[in-house]
Every structure is written in structure tokens, then in C-alpha cells.
Amino acid sequence: MSDNMEWIAQWKSTKALTNAWITKGELHHFFSHTLIFIIDGKAVWNINGHRVHVSFGELIALEENSVMEVIEGGNLDLAGWRVQFDTYSVLHERREAEKFEWRLPSGEAYQKVQLSGGSLASIIQHWSEEDTQDQSAGWVGNQHLLYELLRNLYRKQPDNELKPEHGILRSIDYMQQHYDQVITRTQLAQIAGISPWHYSRKFSERYGKPPLDYLAHYRIYRAQEELLLTAATSQDIAKKSGFEDAHYFSRRFKQLTGVSPKQYRQTMTKRKIVSLSPICGEMMIHLGVIPHAVVVTPILLSPHHREQFISHGVQMLEVTQYEVEIELVRQVQPEMLIGNVLTEEVKRELRTIAPILTGLHQDVEPMLDQLATWFLKEAEAHRLHEQMKHEVSVAKQQLQPIIQSASTVMLLRVEAFGYRYLGGHSHGVSQLLYEQLGLALPQVLQSGAAWFNPCSLDLLTQANPDYLFVEKRIMQHFSAEENMRKLWESLQWNELKAVKNNRVFYVDTHLWVDGHGITGHTLILNQIIRNLTEPLQGRAQ
């Protein structure tokens, strides 16, 4: 083949990700080169034999004949697109093209890159305009999008391999993976590729403590987690954390935490705790445990959460959506981190700052039980459970006419990239509406297993609910205004029973999604009761 050969990419298809991309065990075969762009949520996939965490803002590239299996659907529902394309070599002398064997720039089994805010906005804008373009313009737009995505794959990454800082990061990765084993300074220096003296000096400059002191802190953090999450003995935890001598472990533990391993759980409520989400922070306050700080996204923060944190003197660490600014958390110098994290990479970094308790349930009641166990607040949790159960019982009594008539209730989410509906067998408000209150979801939507499921205007017409809640999704960088306007102007909208009967109610992402804690439970119930039972003539137009 000629040396002056070049290659071109030819767009083939673009399809939205469906529930099959978050269904555990589902297999996907890719017979063409594929770019997968994630715009919401997270999941864990096995791609060509590699376990891969995918989340918001990431681009995943696969060569043709790749295979992907869903391992975990994630706590947040995945949304995004799959772009398939072919590649051809251009032979100038023969003025013809033939199939080109394209390979990922990384040379790996898959390639994953994080897109910048500007790239994200540009790509979202493309999909929001796609429906308004004619066929030729649409084809050109798809080709442009394909090359925009490929450009991100080929963006040159800084070469840090030979820098001492990169070697130090390698040594930290080694500590995190082998902290339960004997590790010496000489080993770590060899991994970093510099002399032991130079390694200790550079490490201390960067992290404020010598490498073995850093390792000791990391081991104690993991021991603190074990003491709270398991019933293992101090001796077993010592060994699992990399301490061969249980007595030395106890002395080191007390030196760093102020108490012995046996006393540690009883001191949890007095610790300097950072909550990684407003709902988790709110739950702690209801249990009588005041966090030192809470990570919040200002555009998503419920007014009742803001008021609660201010009144209890809780510091708010402001971040953008889907991000945790590690240095912001580090500056607080927490003694404990509590809450879920979006990616394993973020969790790995947070584990170097303090012990971290994750794996919290998405629903209010189970999350409350988890926190109560960690803080020894079971009695307080029981009281809160009874309170919420009573509120639901009262609400059901008021909603009996609607429940008995089998009138259907639907929650439609309007987003920058389309529409989704709340599934009837998920968590959060789904549990409240359909499981606890016993309201009826339209039959055609019963198969939606995800939290929020893709919804076309045709599916909305088929669902044709008696009562319709509409959430205009709030997201950083993106606006749902255009799709809300398209919805209102569509023929399908004006034919809906709920629209004709003035039974459409607009709800707030701040409360219904991001604010559904204990206080939010009460506020949402009140909104449901008021909207579904208020006489038409008393309702604001």
C-alpha cells in the first residue's frame, strides 16, 4: 500500500443509549468502530475483558468487533449516544478508497477520555439541533460531530512519564494496592525511579509528610473503615491494614485518632465529618450528628437544605455538577468522609485524605438505617421511620379517591437531550409515588426498569396519563428550555388528557430529585396531595 495513504472516517449511525446499557448481564457486540458519549449517570462495563467505570462527560472509543457486557447499571441512570463509523484509506494515485484498518490512538483494548465543558456543550448543542435540519444538513452535521469526537481521542496528552512527580504518583498507587503488605522506603523509591533520599525529599515537599508516615495514615484510614463496617477483631483488622503487630497497631491508631480501636465507634459523632451530598448531610442532622461540612452543587441545592445547613453552622463546599474538588475537601482536613462518589478514580483520591464510608442506598429509609448503624443512632432512626410512615398513611387516606379510581400518574423529565419518564420500580420519588402511595403508572410504561427511562412524544401519547408531573431538569452547562418549548408546541401535548383537564403540575429538580431526604419527603408529599386533590377552580393557571 502506498506511503502517501491517508484515511477518512465515514459516519454510519447515531443511536441513543437504551435501558439495555444499564441492564446487568446484557451483551453488546460492535461490528463497526464505535464512539460512546456519556451525558448522564454512570455504569460499570466489561469491555473486551477489561472492567471499565463510565460516567458523565466521558467518551469511550471501541474498535470494530469489540464486545461489552454490563456489570453494574449504576445508581444513576445512564444517558448518552452511540456513534458508529467506518474508516477508509484514500489512495491518491488510484483516486479510490478501500477499507482502512483503524486502531485506537492509545493502542489499548478501549480508550476513555474526559471531555471538557466546552466540548460537552458543543456536542449537546448538535443533538438538540438535529431534528430541525434537513437530510443533507443532518449528514454534514453528523460527519462534523464524528470528527469532533475523534479530535478528542487524538488530543495530545502531556508526557509526564519521566518527571519525578509521575514516579511519586506511581509509588502512591503501589501503596494503595499493597498497603496490607510490608513496604519499605527503598521499594517506593525504586518504583518512583529516583534515589531514596531524593524520593523522601520530593514526597515530603508535595504531601507535607514522609512517605512511610503517609502510608501509616493510609493504613489507619482503612482500619477505621473496617471498624465501622465489619465485626472483625482489632487483631484481624491490624493484619488486614498492613500491621503485623496488633499492639503497635493500637498505639499508632491512638496516636492518629486520639482513641483506641475499641473506643473508636463511640466517638464517631464527635468527628470532623464531611458529607459528600446534601441528602446525606441532612440525614445526619436529623439523627443528631452535625457534619462539619457538606459538598453541594449550588444550582441543585434545595432551599430547605441551604437553610438547614446555615442554621446548624455547616460549611458548604461548593462544586460543579458531577465533580468533587479533591483539594477543596483536603483543605477542610476531615476525619471522616461519608457519601457516594461518581467514579472509582474520585474514590481512590478521597481515600488518601480520610476514611470514607460509601455504598449508601439511594432511598431515604435504607440510607437512614445505614447512617444510624454507623453512628449508633438506631432509636432516632426508628422515630424518623415512624414519622415518615405516618405521613404516608395520612397521604394515602387523602388520595383514596384517585387510588381507587386507578387514575394514572406520570412524571415526565424534560432535558437538554430529550425526554425521560420516571419508572415505576426504581428508587426516590418512584418508591414514594408507586410503591408507598400506591398510585398507578400508565400500563405502557410498566416495563421501564430504570430510574428515568427514554420517552418519545409518541410514547407520551400512548401513556396519556390522567395526572402529569413535569420536571424541567436542571443541569450544569445545559438548558432544557428548548425541549420544553418543543413539548408545549407539539401536537401530542395538546391531545393529552392531563393537559385538556388542567392536571399538569410542574415540579422542581431541587426538591423532587436532589432534595428528597427526610424534610423533602414531607414537602413532596404535601405537593402531591395538594396537586392531586385540589379542585380545578382553585388551581393556579
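Since we're looking at a predicted model, the values are computed, not measured. Positions are given from 1 along the sequence.
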Quick one: do the [X] and [Y] side chains pair a donor with an acceptor below 3.5 Å?
X    : Y    : result
Q400 : Q404 : yes
Q436 : E365 : yes
S426 : Q431 : no
R530 : Q527 : no
Q370 : T373 : no
T408 : D466 : yes

Answer yes or no: is there an ion pair linking [X] with [Y], defined by an N-O contact shorter than 4.0 Å?
X    : Y    : value
K272 : E335 : no
R473 : D508 : no
R351 : E344 : no
R222 : E225 : yes
K24  : E72  : no
K347 : E345 : no
E386 : R383 : no
D40  : R420 : yes
E481 : K472 : yes

Are [X] and [Y] packed together at the side-chain level, in the sense that at least one heavy-atom pair is separated by less than 4.5 angstrom?
X    : Y    : answer
H217 : Y221 : yes
R413 : W512 : no
L459 : L445 : yes
M410 : L422 : no
M336 : L357 : yes
V513 : V429 : no

Looking at NZ of K239 and CZ of F249, how far apart are the two atoms once the value is rounded to the nearest 0.5 Å? 14.0 Å

L511 side, atom CG; H305 side, atom NE2 - distance, nearest 0.5 Å: 9.0 Å

Run the side chain to side chain contact (heavy atoms under 4.5 Å, CB included) check on V414 and Y506 step by step: do they pass? CA-CA 11 Å; V414 180; Y506 294 90; over 6 Å; no

Residues, nucleotides or ligands: over 12 heavy atoms within 6.0 Å of [X] [atom1]:
X    : atom1 : value
K240 : NZ    : no
Q462 : CD    : yes
H178 : NE2   : yes

Is there a side chain to side chain contact (heavy atoms under 4.5 Å, CB included) between L350 and L276 once you walk through the steps? CA-CA 11 Å; L350 290 174; L276 299 177; 4.0 Å; yes

Show the atom names and distances, to 0.1 Å, of all donor-acceptor pairs under 3.5 Å that link a side chain in residues 291-303 to residues at least two apart or in another chain.
{"residue": "S302", "atom": "OG", "partner": "H510", "partner atom": "O", "Å": "2.2"}

Has R219 got its NZ or CZ under 6.0 Å from the middle of the six-membered ring of Y179, at an angle within 45 degrees of the ring axis? no

Using 30° and 60° as the class limits, which term best fits the ring planes of F505 and F469: parallel, tilted or perpendicular? tilted

Which word best sums up how the rings of H521 and H516 line up, parallel for under 30°, tilted for 30 to 60°, or perpendicular for over 60°? parallel

